[in-house]
Amino acid sequence: MYKIFISLIFLQISLFAEVEKVVILGSGPAGLSAGIFCGQANLSPLIIEGEPCSGQLELVANIENFPGFPGGISGEELIGRLYEQAIGFGARYDTSHLTKVDLSIRPFCLYLDNGTLVQTETLIIALGTKKRWLGLPSEEFFKFKGVYASASCHGELFIDKNVAVAGGGDAALEEALILAELAKNVTLIHRSGSFNAAPYLIERVLNHPKIDIILDSAIDEILDVSKGLLTGVSIQNLRNKEKSILPCDGLFVSVGREVNTAYFKEQLQMNEQGYLMIQAPTSLTSIPGVFAAGDVTDMPYRKAITASAYGSIAAFDVINFLKKQENNK
Ligand SMILES: Cc1cc2nc3c(=O)[nH]c(=O)nc-3n(C[C@H](O)[C@H](O)[C@H](O)COP(=O)(O)OP(=O)(O)OC[C@H]3O[C@@H](n4cnc5c(N)ncnc54)[C@H](O)[C@@H]3O)c2cc1C
């Protein structure tokens, strides 16, 4: 009964709501570059932004390899510039989060967490990837109340405090280095016996006076739920199974990423890892009118510049699609 009522409300909204020409899901380099090119073509694209600080680039303190910035540029600044450029071309932003999508009929239906239904002729999916968490009940308890995912966004809460970082890849080492500029001490905890990161990052971490390293170990609990305050983490050495407690004031989790495509399961073709299959070199997916760009696709190039490039390709594909549709009328 409740579901019928909700569907009727959405149906009523959809009868009166304007249908967008193009909606872009995601505001990373792929989504924003698509926004720039769609905007320049006077399509007035609507960009659904998602959560602040959830894009990958916003985590990066200094991007050293984005063409045009010889001294490097912070992820936050690069995203800010792309954002401004897209607005300049008439892109519009909605800070909501996508919760459900129906691609079975055109216009496509997008359901947002603020209760709105957005309908669109074409869709560019640029949702990138999201952080993986440890999956502990105590982590759930302390999430965003002591346990965080991004040092760039929440590191300032730990000025002169002790923090732990879980993980051993590029991202974890970057997080540890950012935090070491703010915190009293940083302990990097990694499951394996060695880091799986760029040599220059490993060298910086190993030589940093404020970073301690615990290898071959996993966090099995975040303390202390009974006090409602994060006081430390319980660690198990995976070789000798011994447990110990590391007192700390906060924990940053950086243990990998997974692709943001759950919304499209059984609607769009994806590979075994969940990456959306596109008909390279175009951005066409398995449904006409739906395009994908950046890290969400099955293309192996996962960099800001390749995401940006694919965003522009998706915009051109949208422009051509709408033109053909107009000509067929
Ligand atoms: C630690 C780290 C360091 C890196 N360093 C570099 C580097 O030095 N140089 C480089 O070129 N690349 C680097 N990368 C890779 C680069 O960040 C990615 O390749 C690039 O950001 C991919 O862009 P994207 O637009 O496809 O996805 P993302 O940047 O992940 O953007 C995805 C967007 O989707 C939004 N979103 C997610 N879910 C929803 C939802 N349900 N509803 C609405 N919106 C949603 C997010 O808010 C975000 O805006 C790094 C990545 C990491 C993690």
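Each ligand, and each atom within it, is numbered from 1 in the order the structure gives. In this text the structure is predicted, and so the values were computed from the model without any measurement. Position 1 is the first residue of the sequence, and the numbers go up from there.
- Compare Pro29, Gly128, Ala198, Gly72 by their heavy atoms: the one nearest to atom 29 (O) of ligand 1 is in Pro29.
- Between the side chain of Asp317 and the backbone N or O of Ser283, at least one donor-acceptor pair lies under 3.5 Å.
- Ligand-side atoms of ligand 1 in range of Gly294: 26 (O), range being under 4.0 angstrom from any heavy atom.
- Checked against a 3.5 angstrom limit, the closest N/O atoms of Arg257 and ligand 1 fall outside it.
- Remark: Arg106 is not positioned above the aromatic ring of Phe321, lacking an NZ or CZ atom under 6.0 angstrom from the ring centre and at most 45 degrees off the axis.
- For the side-chain contact (heavy atoms from CB on, under 4.5 Å) with Val23, the qualifying choice from Ile124, Thr120, Leu98, Ile47 is Thr120, the only one to do so.
- Every atom of ligand 1 with a heavy atom of Ala126 under 4.0 Å away is listed here by number and element: 32 (C), 33 (C), 34 (O).
- Selection from Ser27, Ser96, Ala30 by nearest heavy atom to atom 25 (O) of ligand 1 gives Ala30.
- No part of Lys130 comes within 4.0 Å of ligand 1, judged by heavy-atom distances.
- Residue Ala307 has at least one heavy-atom neighbour below 4.0 Å for each of these atoms of ligand 1: 22 (C), 23 (O), 26 (O).
- With a heavy-atom cut-off of 4.0 Å, Ala171 touches ligand 1 through backbone and side chain alike.
- Within the structure, ligand 1 has Tyr263 among the residues with a heavy atom less than 4.0 angstrom away.
- Here the side chain of Lys161 pairs no donor or acceptor atom with the backbone of Asp249 at under 3.5 angstrom.
- Using a 4.0 Å cut-off to heavy atoms of Asn65, the atoms of ligand 1 that qualify are 7 (C), 8 (O), 9 (N), 10 (C), 11 (O).
- Counting only N and O atoms by type, the side chains of Ser234 and Asp220 include a donor and acceptor under 3.5 Å apart.
- Residue Asp295 holds the heavy atom nearest to atom 19 (O) of ligand 1 of all those in Asp170, Thr306, Asp295, Val101.
- Residues meeting the side chain to side chain donor-acceptor pair (under 3.5 Å) test with Arg81, sequence neighbours left out: Glu77.
- Electrostatic pairing of Lys143 and Glu140 counts as a salt bridge here, judged by a charged N lying under 4.0 Å from a carboxylate O.
- Within the 3.5 Å criterion, the main-chain N or O of Val296 finds no donor-acceptor partner in the side chain of Asn260.
- Of the polar atoms of Glu174, none of the N or O atoms is found under 3.5 Å from an N or O of ligand 1, judged by distance alone.
- Every atom of ligand 1 is numbered from 1 in the order shown, and the set under 4.0 Å from a heavy atom of Leu98 is 40 (C), 41 (N), 42 (N), 43 (C).
- Ligand 1 has an N or O atom lying under 3.5 Å from an N or O atom of Lys303, backbone or side chain.
- Of the possible polar contacts, one joining the Arg92 side chain to the Ser44 backbone as a donor-acceptor pair under 3.5 Å is found.
- By the criterion of a heavy-atom distance under 4.0 Å, the backbone of Thr129, and not its side chain, is placed next to ligand 1.
- Every atom of ligand 1 is numbered from 1 in the order shown, and the set under 4.0 Å from a heavy atom of Gly28 is 25 (O), 29 (O), 31 (O), 33 (C), 49 (O).
- Salt-bridge annotation for Lys131 and Glu175: present, with a side-chain N of the basic residue lying under 4.0 Å from a carboxylate O of the acidic one.
- Atom numbering of ligand 1 starts at 1 in the shown order; those under 4.0 Å from a heavy atom of Gly26 are 33 (C), 34 (O), 35 (C).
- In this structure, the side chain of Thr285 does not engage the main chain of Gln269 through any donor-acceptor pair within 3.5 Å.
- Look at Asn260 and you'll find a heavy atom under 4.0 Å from some atom of ligand 1.
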